[in-house]
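Comments concern the structure below.
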Amino acid sequence: VTYGPANTGDEVLASVDVRGKVAVVTGASSGLGREVVRVLVACGADVLGTSRDPKAKIDGARLVRLDLASLDSVRDAALEFLTMTSQIDFLFNNAGVMATPQGRTVEGFELQMGTNHLGHFLLTALLTDAFREHSRIVNTTSLGHVITGMRWEDPHFRQQPYEKWQAYGQSKTANILFTRGLAKRGFLAFAVHPGAIDTGLTRHLEGDELVAMRQASESKAKTVQQGVATLVWAATAREVEAGAYLADCAEATPASHAVDPEEVARLWDWSQEQVGHWFGI
Ligand SMILES: NC(=O)c1ccc[n+]([C@@H]2O[C@H](COP(=O)([O-])OP(=O)(O)OC[C@H]3O[C@@H](n4cnc5c(N)ncnc54)[C@H](OP(=O)(O)O)[C@@H]3O)[C@@H](O)[C@H]2O)c1
């Protein structure tokens, strides 16, 4: 079966069996994460979803508190997942923030890099005992990765002035480099650009910027149901190769700065050093 930009997550999952499979979904309280949870639960999967809010309601899923902007919280959440299940079939590293005002995580990382990439890097590392040979890791990236490659001279904007789109683009490039690094180490990992979907992600944009963004994506805008199609396709499609960048339920070509093997290796080493956790050579 082939799918395209108009297909929904429900349609993609109609032809596969995920009953009893265990899925971890970060950012499950809203937007794409919430819809990934909904479609997986509807198909009989056992879903563990995360939110920073311990009182969040995630229908049909078990809730784990996770703040990716705190490595202590990431460690606590990883331990909790491992007490809840001995096997994870799908890990959706999906939570994210976009174009935030300048901010820092507990460890002092630039907020978008810390939340979108470094928190997920550590979470994934700490969950490896629960992965089996068939387990898949789906990292939600964005077309926004084209904005910039890694800014190695100052990744956390400690010397140079903060620019929110550079910071977002860099974090989404990191998602793709991380995916490649995982694939190189034998993990079935995929990076997905979900499309342009009106979610809470735009909460930090101001009037004109929001209008311009909506206009730019108008002709290609997807519903949230369509937005998750490539995410669940990445988790289940047989025909995709590990490490691939996917959009519209097909393999796509990311910017060269997001797949350069030297950048892949450098991002891996740097991420290990940043989070203080060894995740293999
Ligand atoms: N929407 C689009 O058009 C689009 C396009 C390309 C890529 N993406 C990507 O899609 C992913 C999901 O975004 P969305 O559109 O669904 O946005 P959203 O509705 O704002 O959802 C983002 C989720 O991330 C979680 N989150 C934010 N900061 C967090 C933190 N510090 N720790 C843990 N969780 C945190 C939020 O959960 P809590 O507040 O409950 O913690 C929320 O559930 C992101 O990675 C984004 O970059 C979206």
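Just follow the structure's listing: the first ligand is 1, and inside any ligand the first atom is 1.
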What's the shortest heavy-atom distance between Thr199 and Leu32, and which atoms?
CG2-N, 4.5 Å
Just checking, is any N or O donor in the side chain of Thr148 or Tyr168 under 3.5 Å from an acceptor N or O on the other one?
no
Tell me which residues fall inside the under-4.0 Å heavy-atom shell around ligand 1.
Gly27, Ser29, Ser30, Gly31, Leu32, Ser51, Arg52, Leu66, Asp67, Leu68, Ala69, Asn94, Ala95, Gly96, Val97, Thr115, Thr140, Thr141, Ser142, Tyr168, Lys172, His193, Pro194, Gly195, Ala196, Ile197, Thr199, Gly200, Leu201, Arg203
Any ion pair linking Asp10 and Arg38 (charged N to carboxylate O, less than 4.0 Å)?
yes
Under 3.5 Å side-chain donor-acceptor pair for Gln160 and Arg151
yes
Kindly write out the residues that satisfy ring pair (Phe, Tyr, Trp, His ring centres under 6.0 Å) with Phe157, not counting sequence neighbours, or none if the list is empty.
Tyr162
Could you tell me whether the side chain of Thr230 reaches within less than 4.5 Å of the side chain of Tyr3, counting heavy atoms only?
no
